[in-house]
Amino acid sequence: DSGVTQTPKHLITATGQRVTLRCSPRSGDLSVYWYQQSLDQGLQFLIQYYNGEERAKGNILERFSAQQFPDLHSELNLSSLELGDSALYFCASSATLGGWVGEKLFFGSGTQLSVL
Amino acid sequence: GESVGLHLPTLSVQEGDNSIINCAYSNSASDYFIWYKQESGKGPQFIIDIRSNMDKRQGQRVTVLLNKTVKHLSLQIAATQPGDSAVYFCAETRLKAGTALIFGKGTTLSVSS
């Protein structure tokens, strides 16, 4: 168990809808990262927050947004959903801003989003 | 664009054999590399890392080799076990705040007993 909690585990919705994915980082971790994993694109970095502020942005669509709250949990909002948004969405956390260094980046088990 | 890729999408080995998973990276500015293991239904899990000032790093049953000349990374798993069956990703980045960790597409390792 990585200590990172993601809810829900599975989400089925229709095109055009809006969903919110939730992530609780490990206790004490200040950075939260969101990744999208699909079969053809692999793991794509979406966005990073550190202590409530956006710190790095990757291939995140304008229809997607995220935020990190004062209690450090994070939400990823996906709107105007399309079939191609179906993927596994991972949250990861780390204690520091530059959390790429080895075991300091911990991944949750993901939310499987299916857009029908 | 910049990307990290793997040579083979799948690798099948017998239990007890040594496994070698390869990865090519394209960004010569990358100075930090990580191998992750992802088991079915779980998120990626750190295996081993290496910085660009090193050529080799060893862990428990795993070794990472870095060849900066040809921008190649490999993960060697000794005495492969069924529990090693998973998808393995290499990832690259620069040790600089605000720099993304870029993952390759993954190699699925299947270990038969």
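Here is the naming used below: chain letters follow the sequence lines, and residue numbers restart at 1 for every chain. Scope of the values below: all heavy atoms of this structure, side chains included, with no hydrogens, waters or symmetry mates. It should be emphasised that the depicted structure is a prediction, and the values quoted were computed from it without experimental measurement.
- With sequence neighbours left out, A/Gln44 forms a side chain to side chain donor-acceptor pair (under 3.5 Å) with A/Asn59.
- Heavy-atom distances place no part of A/Gln112 under 4.5 Å from chain B, backbone and side chain included.
- Counting non-hydrogen atoms of neighbouring residues, nucleotides and ligands closer than 6.0 angstrom, the CD1 atom of A/Ile12 reaches no more than 12 such neighbours.
- Between A/Ser109 atom OG and B/Glu39 atom CD the span is 11.0 Å, to the nearest 0.5 Å.
- For residues 72-82 of chain B, no pair satisfies salt bridge (charged side-chain N to carboxylate O under 4.0 Å, His left out), with sequence neighbours left out.
- Side-chain heavy atoms closer than 4.5 Å link hydrophobic residues (I, L, V, M, F, W, Y) into clusters, and following such links, possibly through other members, connects A/Ile47 to A/Leu61.
- What you find for A/Gln37 and B/Phe89 is that their closest heavy atoms are NE2-CZ, 3.3 Å.
- For residues 52-71 of chain A, every residue pair satisfying the ring-ring contact (aromatic ring centres under 6.0 Å, His included) rule, not counting sequence neighbours, is listed here: A/Phe69-A/His73.
- Just one residue in the list A/Tyr33, A/Phe45, A/Tyr35 forms a side chain to side chain contact (heavy atoms under 4.5 Å, CB included) with B/Leu101, and that residue is A/Tyr35.
- Neither the backbone nor the side chain of B/Gln45 comes within contact range of chain A; no heavy atom of the residue lies under 4.5 Å from a heavy atom of that chain.
- Connection of B/Ile47 to B/Leu73 is established within a shared hydrophobic cluster, with ILVMFWY side chains joined at heavy-atom distances below 4.5 Å, either directly or through further cluster members.
- The distance from the OH atom of B/Tyr36 to the CZ atom of A/Phe107 is 5.0 Å, given to the nearest 0.5 Å.
- Scanning residues 14-23 of chain A against chain B with a 4.5 Å non-hydrogen threshold yields no residues.
- Residue B/Leu66 is grouped with residue B/Met54 when hydrophobic side chains (ILVMFWY) are merged at heavy-atom distances under 4.5 angstrom, including chains of intermediate members.
- Residue-environment remark: NZ (B/Lys42) stays at or below the threshold of 12 foreign heavy atoms within 6.0 Å.
- One hydrophobic cluster holds both B/Ile50 and B/Ile77 under the rule that ILVMFWY side chains link at heavy-atom gaps under 4.5 Å.
- Between the CG atom in B/Asp49 and the CG atom in A/Leu105 there is a gap of 11.5 Å [rounded to 0.5 Å].
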